[in-house]
Peer 1: 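Got a structure for you, questions after.
Keep in mind that this is a model prediction, so the values were computed, not measured. Throughout, protein chains are lettered first and strands after them, A, B, ... in sequence-line order, and every chain is numbered starting at 1.
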Protein chains: 2
Amino acid sequence: MTGTGIEQRRDSPARGRVLGTATALFYAEGIHAVGIDRIIAEAGVAKATFYHHFPAKEELVCAYVREQSRIGRAAVATIDTADPRAALLAVFDQIADAAEFPGYRGCPFINAAAEYPDPASPVRQAIEEHRRWKRDLLVDLLRRDGAADPGRTADILTVLGDGLLVTSHLNKPPNLRRLVRDATTAVLNGG
Amino acid sequence: MTGTGIEQRRDSPARGRVLGTATALFYAEGIHAVGIDRIIAEAGVAKATFYHHFPAKEELVCAYVREQSRIGRAAVATIDTADPRAALLAVFDQIADAAEFPGYRGCPFINAAAEYPDPASPVRQAIEEHRRWKRDLLVDLLRRDGAADPGRTADILTVLGDGLLVTSHLNKPPNLRRLVRDATTAVLNGG
DNA sequence: ACAGTACCAGACAGATCTGTCTAGTCTGGC
DNA sequence: GCCAGACTAGACAGATCTGTCTGGTACTGT
């Protein structure tokens with residue numbers, strides 16, 4: 001049996017163009033602020049094709065969140081985890097990388113959650129899944145780094161990460177890269 | 001001359017009802033998700049009255065942000081600042097207070113910024129003004145507390161505050177109050 | 001008595017949004 | 001040859017959104 005049906009549907013060029021366009025627009029301008037008409041126009045896709053791949057806008061928003069999650073996981077996957085301490089620092093260095101990127105507009109998950117108040121909504125659950133993944137990653141690295149209480153230190157690192165993502169967007173403090181490194185090191189040593 | 005014109009307009013009962021309703025709805029459900037029709041219906045105000053006080057929705061959104069700023073400043077104003085160190089801890093304790101409040105949905109300024117991408121927009125400038133006020137507050141208290149580099153420590157405390165506001169909403173870590181206190185103390189002693 | 005204003009009720013216009021539907025093209029597998 | 005499915009173009013319906021306008025009531029200061 002060849003890869004028909006769902007598999008092909010997920011890989012179709014039109015679907016990819018829609019998801020790519022939506023990812024760029026949703027992140028840059030917000031989700032409620034971008035309509036379907038604009039997405040299909042910029043993706044060069046017919047409306048029927050869009051609704052063929054995504055039964056409703058919310059499905060597209062979920063796919064957007066999962067796409068952002070995929071991008072984040074891919075970035076982390078490039079990190080060598082042989083040395084857990086170095087890997088933890090590298091994870092946080094990536095925040096500084098992202099913040100320097102032109103068009104940086106904060107954390108896509110925090111921003112999306114701001115637009116979806118209901119914690120039970122599929123969008124929020126997709127966000128939660130990503131945050132669970134990230135926390136599990138931190139706990140694993142911290143355990144391997146010999147942290148006394150990996151769970152609690154992961155919570156503190158989560159606070160630090162969220163804070164860095166927000167502050168680097170809304171305040172743009174100077175010496176962000178050093179601030180990230182110092183704060184991370186302080187938590188890991190003093191944890 | 002009596003307090004006519006702008007003064008009276010700002011204090012009118014209808015305007016207050018609109019702003020109060022909008023503040024509750026915008027915070028709870030997001031800004032783009034709440035329409036004018038719903039606000040005036042729940043505030044019990046005629047449409048003409050609304051547009052009499054707020055020429056456009058964006059004016060109301062700006063007033064909402066300033067109202068949230070007023071609420072935040074009022075909360076801080078209750079703190080005794082004789083002891084700057086105690087005052088700093090009290091400011092961060094208020095984050096834990098807010099996070100325990102039923103209906104807590106994160107920081108209204110961070111959430112609003114997520115919906116207004118243009119940093120030059122009036123809404124974003126109102127947000128920036130609040131964040132400037134908060135940073136100035138921290139710098140002042142830190143200086144009086146004898147911090148070596150009040151500006152830099154204020155940046156770190158801003159990261160911490162933003163992180164706590166976000167994480168306490170999206171992760172709800174256990175022992176939040178102790179986490180807030182420990183993290184703040186660590187920054188103040190180690191920073 | 002009068003002007004000004006704040007207010008209410010609700011129709012209305014015009015734009016935009018989501019989502020459906022029709023009608024037809026192109027391509028790959030059988 | 002034939003058919004299923006991915007695709008395009010675009011009309012259409014119905015809801016909702018912002019903002020305007022009409023018309024009328026009530027209070028307030030002069």
Peer 1: Rounded to whole angstrom units, what separation is found between the CZ atom of F54(B) and the P atom of dC7(C)?
Peer 2: 11 Å
Peer 1: Decide yes or no, distance alone: a donor-acceptor N/O pair under 3.5 angstrom between the base of dG19(D) and the side-chain of K47(B).
Peer 2: yes
Peer 1: Can you check the K57(B) NZ to dT18(D) P distance for me, whole Å?
Peer 2: 4 Å
Peer 1: Please report, rounded to the nearest Å, how far the C1' atom of dC12(C) is from the CG atom of D37(B).
Peer 2: 12 Å
Peer 1: Report which part of the nucleic acid R38(A) touches: base, sugar-phosphate, or nothing (heavy-atom distance under 4.0 Å, all strands).
Peer 2: nothing
Peer 1: Whole Å only: how far is the CZ atom of F50(B) from the P atom of dG10(C)?
Peer 2: 19 Å
Peer 1: Is there a ring pair (Phe, Tyr, Trp, His ring centres under 6.0 Å) between H32(B) and Y116(B) once you walk through the steps?
Peer 2: CA-CA 10 Å; H32(B) 288 333; Y116(B) 284 82; 5.4 Å; yes
Peer 1: Closest approach to the side chain of Y51(B), judged atom by atom: which nucleotide of dG19(D), dA9(D), dT18(C) is it?
Peer 2: dG19(D)
Peer 1: Would you indicate which nucleotide in dA9(C), dG19(C), dC7(C) comes nearest to any side-chain atom of P13(B)?
Peer 2: dC7(C)
Peer 1: Report yes if a side-chain nitrogen or oxygen of T49(A) is closer than 4.0 Å to either non-bridging phosphate oxygen (OP1 or OP2) of dA6(D); otherwise report no.
Peer 2: no
Peer 1: Starting from P on dA6(D), measure out to CD1 on I40(A) and report it in whole angstrom.
Peer 2: 18 Å
Peer 1: Select base, sugar-phosphate, or nothing to describe what A56(A) touches, counting heavy atoms under 4.0 Å on all strands.
Peer 2: sugar-phosphate
Peer 1: Over how many whole Å does the gap from E58(B) atom CD to dT18(D) atom C1' extend?
Peer 2: 13 Å
Peer 1: Will you find, in the side chains of R181(A) and N175(A), an N or O donor that is under 3.5 Å from an N or O acceptor?
Peer 2: no
Peer 1: Strictly by modelled atom types, are T21(A) and R17(A) linked by a side-chain donor-acceptor pair under 3.5 Å?
Peer 2: no
Peer 1: Could you tell me whether E100(A) and R177(A) have a side-chain N and a carboxylate O separated by less than 4.0 Å?
Peer 2: yes
Peer 1: Between R17(A) and dT8(D), is there a contact of a side-chain N or O with OP1 or OP2 at under 4.0 Å?
Peer 2: yes
Peer 1: If you measure from the Lys or Arg side-chain nitrogens to the Asp or Glu carboxylate oxygens, is any gap between R124(B) and E115(B) under 4.0 Å?
Peer 2: no
Peer 1: For I39(B) and dG19(D), give me the distance from atom CD1 to atom P, rounded to whole Å.
Peer 2: 11 Å
Peer 1: Rounded to whole Å, please give me the gap between CZ in R15(B) and P in dT5(C).
Peer 2: 17 Å
Peer 1: Would you say S12(B) reaches dT5(C)'s phosphate, i.e. side-chain N/O to OP1/OP2 under 4.0 Å?
Peer 2: no
Peer 1: Are OP1 or OP2 of dC17(D) and a side-chain N or O of H32(B) less than 4.0 angstrom apart?
Peer 2: no
Peer 1: As a test of reading the structure: which of dT5(C), dA9(D), dG10(C) is closest to the side chain of H52(B), going by heavy atoms?
Peer 2: dT5(C)
